[in-house]
Amino acid sequence: MRISHIMFFDVERAKRAQNTLSRLAIITPLDISSIDIIVGLDVSYHSSNAVATAVAYSINRKNVIAVEVATKPVKVPYIPGLLAFREAPVMFLALKKLITKLKKIDVIMVNGHGLAHPRKCGIATHIGVVIDLPTIGIAKKLLYGEIVFVDSRLAIVVDGNIVGYAVNRRGRNIYVSIGHRITADDALRIALATWDVNHLLPEPIELADKISKEYKYIIASNNK
DNA sequence: GCGACAG
DNA sequence: ATCTTGTCGC
């Protein structure tokens with residue numbers, strides 16, 4: 001039996017890349033009033049294929065504007081802290097398809113963390129820095145950081161700084177963190193502005209997750 | 001060495 | 001993430 005190339009992933013090199021990318025992450029306020037199009041990014045799997053879905057959601061119209069799906073054989077194992085090297089490549093494929101069909105994108109929401117990460121470079125920050133657009137990380141579980149009560153809110157603190165907030169939904173916490181070109185407060189405002197009270201996740205991510213699972217068999221078989 | 005560990 | 005029926009609880 002031949003050794004799978006999945007074993008040749010260079011962990012130390014990946015961590016060095018994250019340290020480099022994290023230094024390029026920018027924390028800055030957004031003009032909330034002009035924000036409209038939020039893109040949600042998520043990935044599902046079918047056998048050895050990753051299926052990424054990019055959903056463009058309009059805050060003003062409270063509706064989906066466009067959807068694009070992309071697939072790619074998975075070549076990197078899942079290692080906590082290094083998720084971006086497994087999922088970002090296929091997310092970029094779906095994102096590029098979507099960008100060619102839209103006038104503009106205001107913010108991108110990624111399923112995963114941003115600065116709430118051991119090297120301050122979760123997948124949301126990784127993607128944001130690479131394409132230089134505002135990004136927000138949305139995760140169902142905490143990976144890194146401390147939860148601290150600040151002004152009656154649950155703040156995610158890393159190295160003494162608030163990098164995001166935990167939002168209680170359906171009795172469990174959902175973690176919203178800074179990805180790139182945004183502040184923790186603005187990330188929270190935008191997440192709440194797109195959050196359907198009946199759903200566990202903000203709508204762009206909720207929809208990307210559902211659509212990705214809905215089409216993975218069709219897309220994956222179409223990929224053979 | 002031990003435990004934790006996004007999707 | 002994914003493999004999966006019934007089942008406990010609001």
Side-chain angles (χ1 to χ4, degrees), chain A residues 6 9 11-12 14-15 17-18 21-22 25 40-55 69-95 108-130 135-147 154 156-158 163-180 184 187 191 197-202 204-221 223:
Chain A
I6 203 170
F9 180 66
V11 171
E12 292 311 316
K15 289 182 178 177
Q18 291 185 323
L21 288 174
S22 72
L41 286 178
D42 190 28
V43 172
S44 63
Y45 297 88
H46 182 237
S47 61
S48 59
N49 290 308
V51 180
T53 300
V55 176
V69 178
T71 65
K72 196 176 191 299
V74 187
K75 295 180 178 178
V76 175
Y78 167 66
I79 300 172
L82 300 178
L83 174 67
F85 296 90
R86 178 178 169 86
E87 301 194 341
V90 68
M91 282 182 171
F92 281 131
L93 293 181
L95 192 54
I108 297 171
M109 252 180 216
V110 186
N111 193 336
H113 292 287
L115 297 186
H117 177 280
R119 288 167 294 283
K120 299 188 184 67
C121 190
I123 190 167
T125 298
H126 186 122
I127 288 177
V129 168
V130 170
T135 56
I136 297 171
I138 302 292
K140 301 181 199 66
K141 299 173 188 170
L142 187 64
L143 168 69
Y144 188 79
E146 292 178 39
I147 300 304
L154 296 173
I156 304 173
V157 177
V158 171
V163 299
Y165 295 97
V167 177
N168 196 279
R169 278 293 183 281
R170 294 182 167 185
R172 57 181 291 185
N173 283 339
I174 298 301
Y175 305 89
V176 178
S177 63
I178 297 169
H180 180 56
V197 289
N198 298 308
H199 293 160
L200 182 64
L201 300 165
I205 291 296
E206 178 82 21
L207 290 167
D209 176 59
K210 285 178 177 170
I211 296 172
S212 203
K213 285 171 179 165
E214 180 182 344
Y215 284 98
K216 65 179 182 177
Y217 299 107
I218 302 172
I219 301 299
S221 61
N223 194 34

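Every chain is numbered from 1 and lettered A, B, ... according to where its sequence line falls, protein lines coming before strand lines.
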Which atoms of nucleotides 2-5 of chain C (N or O only) lie under 3.5 Å from a protein N or O atom, and what are those distances?
unit_1, atom_1, unit_2, atom_2, d
C:dT2, OP1, A:Y45, N, 3.3
C:dT2, OP1, A:K216, NZ, 3.0

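For A:E206 (side chain) and A:L201 (main-chain N/O), a donor-acceptor pair under 3.5 Å exists by modelled atom type. The main-chain N or O of A:G81 is found under 3.5 Å from a side-chain atom of A:Q18 such that the two form a donor-acceptor pair. Counting only distance, with no hydrogens or angles, the side chain of A:T135 and the backbone of A:I108 share no donor-acceptor pair below 3.5 Å.
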### Message
Between A:I127 and A:L41, does the side chain to side chain contact (heavy atoms under 4.5 Å, CB included) criterion hold? Intermediate values first, please.
### Response
CA-CA 10 Å; A:I127 288 177; A:L41 286 178; 4.2 Å; yes

### Task
Decide yes or no on side chain to side chain contact (heavy atoms under 4.5 Å, CB included) for A:Y45 and A:E87, but give the supporting numbers first.
CA-CA 10 Å; A:Y45 297 88; A:E87 301 194 341; 2.7 Å; yes

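If you check every strand for non-hydrogen atoms under 4.0 Å, A:G81 touches a base. A:L82 comes within 4.0 angstrom of a base, heavy atoms only.
Atom CD1 of A:I123 is separated from atom P of C:dA1 by 13 Å (rounded to the nearest Å). At whole-Å resolution of the value, CZ in A:R86 and C1' in C:dA1 are 7 Å apart. Summarising the geometry, the separation between CG on A:L142 and C1' on B:dA6 is reported as 9 Å, rounded to the nearest angstrom. Look at NE2 on A:H126: it is 15 Å from C1' on B:dG7, rounded to the nearest Å. Remark: C1' of B:dA6 and CD1 of A:I147 are 13 Å apart, rounded to the nearest angstrom. Rounded to whole Å, the distance from NE2 on A:H117 to P on B:dG7 is 13 Å.
The ring of A:Y78 lies on top of the base of B:dG7, close enough and flat enough: under 5.5 Å between centres, under 30° between planes.
Taking side-chain N and O atoms only, A:K140 has a distance below 4.0 Å to OP1 or OP2 of C:dA1.
Between A:Y175 and A:H113, the ring-plane angle classifies as tilted under the 30° and 60° cut-offs.
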